[in-house]
Structures are given as C-alpha cells and as structure tokens.
Amino acid sequence: MARTRRERSLSGGRRLPFGRPLSLWPLLSLWPLLAALGAAAALALGGLSAPASAAAAPGPRSNPAVDYQDPVSALPPVSRPATRHCTVEVMRHDFGDNLADPPFSTTVTPPSRCAGPWTKVVMDWSGSVKGRQYDRLAGVWLGGAEIFRTSTAEPDEDGVNWHVDKDITEFIPLLRSPQQLQVELGNVVNSTYTGVYHMRLSFTYYLADARHPAARTADQVIPVDRHDPKSAPWFELGKGQSATTSVSLPANLTRARLELYARGGGCDEQWFTAVPDDLARTAPDYLCGGGPYREVLVSVDGRPAGLAQPYPVVYSGGIVPTLWRPIPAIDQFRTEAYDLDLTPFAGQLADGRPHSLTITPYDANDTWTVGGSLFLDTDHGRSHTGGAVTADSLGAAPRVATTQTKRADGGTDVAVDVHRDWSISGYVDTSGGRVVTTVEQHLGYRNTDAVSKTGQRQVVRQTDTGATTVRTAGPGRDQRTAVRHSWAYPIDVDSDAVSNVDYNNYDLRAAVTQGRTETDAVRSGRGGWHVTAVSDDRLTATGELARKAGAVLTADGTSVEHYRGADDSGFCYDRLLRAAHGWITSDSGGLCG
C-alpha cells in the first residue's frame, strides 16, 4: 500500500511484506479477467492458471519476488519537438527515512539560454531503489500547483530503475518566472524496510520556431493546495472529511477549469472492493466497509459545481505484488488528473471577493489525498466581467442502490448501482458580448462482488462509464461549440487469501483485468461530432505469492498490456506487451506504419 506522511500504525494489526495492514486490507478478488485468460480453471482448487503465451515463454522460470525486470509500460512516450532546447535538472535527491521531514524544496528558474517562448515543456521523473520497501505516494508542485502525481515501484533485491515523462506545457504561466519546487515522497528506512528512493527530476524547455509555434495556455494558474510549509501541499482527508480553500480570482475572468487529483489510501486504496459496513464487520481482517462507490464532488461557495469519477488505481504492491512485475498497473506511475469545467461559475467568481472551493470524496472510508490547480482565462479587452449561475441540477450526494443476497455456501453477493445525470449553466458578460456555458454529465456505474463466507476471497466486476459535454454559446448565431469527453474504467478482480497466518506465513493469489478508454470529440455550430483523440489501454495480470517461515515458497506472475490510440501529437500508436515470471517475453508495435 502506498504511504504518505500519515503512516498508519495499527496496534495488533498484521502486515503483509508489501506494507498492507491486514486489518484494513480487503484482499481483492480475481475476476472476469479470468474469462479472458481461461477463468474457469484459474482459481479452481487454489491453482492459478496463466495465459498460454506466457506459459510458453522461453527461458528458466524466475522468482519475481526477488528478481524482476525494470518496469515497462505500453503507453506512448511524450513526443519531443525538433527544436532548440535546454534540459535543467531541478532535483537529484535521496528519499530515505524522512516521514517527519517537510517536502524537498528548491527554486526553479527558467534557463537563460532558452528563455522562451516555448512550444513545449516536458518533465522527466526517474528513480531507482533496491532492497525491501513499500510503494510510496509522491507528488510534485510548482509554485504550489500540483504538476505531477505518481507512486513508486517496489524493489527486488538487486534493485529496479524506472522513468516517467509528462508534458507540463500547460504550466508555462508558472514556468516563466522563478518558482518554488516541492517534491513529496514520504519514506521509512529501518532494519526491515531498507529501500532508499534515489530520484531525479528534470525539465526540458523546447523553444518555439517557425514550424513549432509558441504554446497556447491559460492566462493564469492558481494552486488549490494546503498552505503549510512543514507538510506537502496536498490535502489528506480522513473518513467523512472535506478540503476547503479560499481563492481570489481575476475581476475579468472568462473561463475556469479545475485540474483535480484524487487517490485513495489505507482501506480506500482499493475502494472498488469495499463492501457494505455490516458485511465488512463479519471479516474485519479481510474486508473494508463503506461500499465500493466513490466520486469526488467539487463545490463553489457550498454549491455543487462539478464531479469526478476516480480511476481504480492499483499501486505496485497492491493485491499481489507479482501482478505488476514488470508491467505496472494502469495509472500506477503516471496518474491522470480529472478536468472539471467551472466556467458556469466564472461570472460569479469575478466579483473581486474571496470564494471557497471544497473537495469532498463521497463515502470515503479512509484517507483520500486530493488537490490540484485552477487554469484561468481572462478578458483582454475588459477589466471587469460579471455574470451568474442560471441552473444547477447537480445534487450533493448520489443515489446508491445496494442489494445483498446470501448464498447457500454462506457467502454473499453484493450489487451496487449508481446513475447520475446533471447539468449546470451560467453566463459571463465579456467585451465581446454574453457567453453562456453549460456543462452536462451522464454516468453509469455497477459493481458486483461475490464475497466468500470468511471474506478471504472476492470476485469483483466493476463498470464505470460516462460522458461530460461542455456547450458554449457566444453572442452570435454561429458562435456555438461543444466538446465532449467520454470514459470507461472497467476493472475485474478475483483474489484469494488461501492462507494468512502472519507476516511471514501466507498464500495470496489473484488475477486482475483493468482498462482505461477515453474519447474526446468537438462540434461546431450545427455540424456533427468530430473525434479529436482516442486512447484505449487494457491490461490483464495473474499473480501469486506465498511465504512460509519468511521464506518464499511461490512467486510468479503473468501479464499482457495492449495500448491502442494516439500519442500526444495525434499519431497512431499501437503497442502490445507480454510478460511472464517477471520478464517481458514479447514487445511489439509502437507508432503505426
């Protein structure tokens, strides 16, 4: 389980070697992934089957508990324009036993040799670790604005190296001037957990030229953060808590977008396997309560303003660590933020007074780490704008339908359904006339969970789909546009704690299938929809890990990841990875021919 500075210490709670307190850890279930892998036999009699391609992998069988290949992902790398550029190493730091320390901090200044304007700015995050260590949550802030959210790899005995890149061009309004850089990676080093995270961070500034114009960005970026110099700028929210911050925005505001990060921890690390509270109480060593539905509500001055559906992230030590060696789970290393268009509130926010912004994870049963940034556009022809919210049908809480059915074998089948349909409209009076913005969202969610009598096994299948449409109407008849973002976040988990005596004696098996499909489309006037971006990332994995008296008895895993879509330049990208026993056995594709 990834840890922040709120390192849990549960008296009497047993811990797995990858840092999960069993009293708080719902041992996930394997799922319909098994359908794709030949599920019927996958966990029969406690045995775990593997895909045929992995079973036929060449070479000797290795032990991914103590030796595995450096992490490899099928995601396309960030494209790099062929322009003059400068790379600046902004951090080289070792994160050892530092839970009581404030975040790493330094000042980032734009390089004089590449002073701008820039067509693109790319961040590179690289790390290495060896020994034994938890997976850790990490974040990077520039001028208080969170520019990167990630978690770390779990090491083997010889050590692993990994790298993540990210396009941070949208933060150019901050990058133009010297800014404080903060990096949070809370870690523990002692006689048991020996891994020190050796991390490097660099920014590469690509200069604009005739073929690569200067990037178009928001006019201002304002952090949504906690102002505490001794702690990370993100908010860590316990059960039932919300985060509220006060923001003062420009008087000539025309548009506002919130980029939101939200990730669960503790018993909500794998919130999608949580069960109703009464069922969780029957097996507290294996089940978490609160039910499996989560959403993150954003309110402006106490009024619901936007909604994000969190992706079901699995950390590198999650469920069974050998699932993710060497192919990481989706969103594990490059966590995607959620965009919420708050423009219907722009006229109200441009009154020159402070306003409150509140972030609330729905029905959280444990810690959620949230935060983000506001991206603001202003009227260059007017010093003051104004307006109002004219309609808002977003309710503060969803209607969650939950049913529980007892089975003859003593287990329980749980089904949870949620549907949300809402819209918010508002206008801003600009120098060009009145602009009306309407944000609409539809989402459908279903989670089914077959829970064994003892809680040791769960078979979860979750579907989460939806679309957000932003419609803009200007003062003229032809000034009507719409953008639509649709998503699908399926995840199936079938896990079994065959035995679980203590830290050094256990037997865990699991299979997971997860996906992330996103489509962006635009429409002008009364024309049809035009698709501008598509990405489809699918991953299946099986894993098992058993110890007796501290010695590894069984450790193995197989996985397949297939990414299809486009890279960030819009070029077709199709890559397929296969892995077995901790090593890549097949790597094909890339940029489409």
*Asks:* Would you list the pairs meeting disulfide (SG to SG under 2.5 Å) in which at least one residue belongs to residues 332-380, sequence neighbours left out?
*Replies:*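 As it turns out, there is no disulfide (SG to SG under 2.5 Å) pair with a partner in residues 332-380 once direct neighbours are skipped.
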
*Asks:* Is a side-chain donor-acceptor pair under 3.5 Å present for T437 with T343?
*Replies:*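 No, T437 and T343 have no side-chain donor paired with an acceptor closer than 3.5 Å.
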
*Asks:* Any side-chain heavy atom of Y206 sitting closer than 4.5 Å to one from H212?
*Replies:* no

*Asks:* Any ion pair linking D537 and R516 (charged N to carboxylate O, less than 4.0 Å)?
*Replies:*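 D537 and R516: not salt-bridged.
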
*Asks:* Could you pull out all donor-acceptor pairs under 3.5 Å where a side-chain atom in residues 105-117 meets a protein atom, sequence neighbours excluded?
*Replies:*
unit_1	atom_1	unit_2	atom_2	d
S105	OG	Q180	NE2	2.9

*Asks:* Does a side-chain N-to-carboxylate-O contact under 4.0 Å join K120 and D568?
*Replies:*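 A salt bridge is present here (some side-chain N lies under 4.0 Å from a carboxylate O).
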
*Asks:* Counting C-beta onward and ignoring hydrogens, is there a side-chain heavy-atom pair between V224 and E146 closer than 4.5 Å?
*Replies:* no

*Asks:* Quick one: do D351 and R353 make a salt bridge, cutoff under 4.0 Å?
*Replies:*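 Answer for the salt bridge query: yes.
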
*Asks:* Answer yes or no: is there an ion pair linking D341 with R257, defined by an N-O contact shorter than 4.0 Å?
*Replies:* no

*Asks:* Any salt bridge linking D124 with R200? Criterion: basic side-chain nitrogen under 4.0 Å from a carboxylate oxygen.
*Replies:* no

*Asks:* Apply the test side-chain hydrogen bond (donor to acceptor under 3.5 Å, both in side chains) to residues Y197 and T152: give CA-CA distance (whole Å), side-chain angles for both, the deciding distance (0.1 Å), then the verdict.
*Replies:* CA-CA 9 Å; Y197 284 102; T152 63; 3.0 Å; yes

*Asks:* Specify the closest pair of heavy atoms between T217 and D377, including all atoms of both residues, with the distance to one decimal.
*Replies:*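 Minimum heavy-atom contact is O-OD1, 4.4 Å.
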
*Asks:* Would T468 and Q441 count as having a side-chain donor-acceptor pair, cut-off 3.5 Å?
*Replies:* yes

